[in-house]
Amino acid sequence: MTRLEKLGMELNKLYSRKDKLEERISLLEEKYREEENTQIQNIVHGANLTPQQLARLIQYASVNTPKKDLLEVLGEEEHNEKMGK
C-alpha cells in the first residue's frame with residue numbers, strides 16, 4: 001500500500017467520524033433545548049402565570065429593571081459565577 005493510499009484511508013476514516021460526531025452534536029443540542037424548555041415551562045407553571053402575564057412581565061422587566069436590582073435578585077455569588085470570577 002502506498003503512502004498516498006494510507007493517507008486517503010485515514011482521511012476517509014476521519015470524515016466518517018466527523019459525520020457521526022456532527023449527528024451526535026445535533027441530537028444533543030436538540031435534547032438540550034427540550035430540557036431547557038421544560039425547565040422554563042416548570043418555572044412558569046410554578047408561578048401560576050398565563051402566557052399573556054409572562055409576556056407582560058418579561059416586557060416590563062426588560063425596560064424597567066435596573067442592573068443593580070437584577071444583581072440583588074440573582075445574588076452576588078451567582079453573578080460572579082456567570083462572570084467567571
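Treat the numbers as computed from the prediction; the structure is a model and nothing was measured.
Between the side chain of Gln53 and the backbone N or O of Thr50, at least one donor-acceptor pair lies under 3.5 Å. At least one donor-acceptor pair closer than 3.5 Å links the side chain of Thr38 to the backbone N or O of Glu34. At distances below 3.5 Å, at least one donor-acceptor pair connects side-chain atoms of Glu5 with backbone N or O atoms of Thr2.
Within the 4.5 Å cutoff, the side chain of His45 has heavy atoms near those of the Gln41 side chain. Inter-residue side-chain proximity for Leu21 and Lys18 is flagged as unmet; no heavy-atom pair is nearer than 4.5 Å. Under the 4.5 Å side-chain criterion, counting only non-hydrogen atoms from C-beta, Asp19 is in contact with Glu22.
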Glu36 vs Tyr32, test: side chain to side chain contact (heavy atoms under 4.5 Å, CB included). Steps then yes/no.
CA-CA 6 Å; Glu36 190 175 46; Tyr32 184 90; 4.1 Å; yes
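With rounding to the nearest 0.5 angstrom, the CG atom of Asn48 is 12.5 Å from the CG atom of Leu54. Between atom OG of residue Ser62 and atom CG of residue Leu57 there is a gap of 9.5 Å, rounded to the nearest 0.5 Å. The CG atom of Leu28 sits 10.0 Å away from atom CZ of Arg33, with the distance rounded to the nearest 0.5 Å.
The number of heavy-atom neighbours closer than 6.0 Å to CD of Gln59, taken from other residues, nucleotides and ligands shown, is 12 or below.
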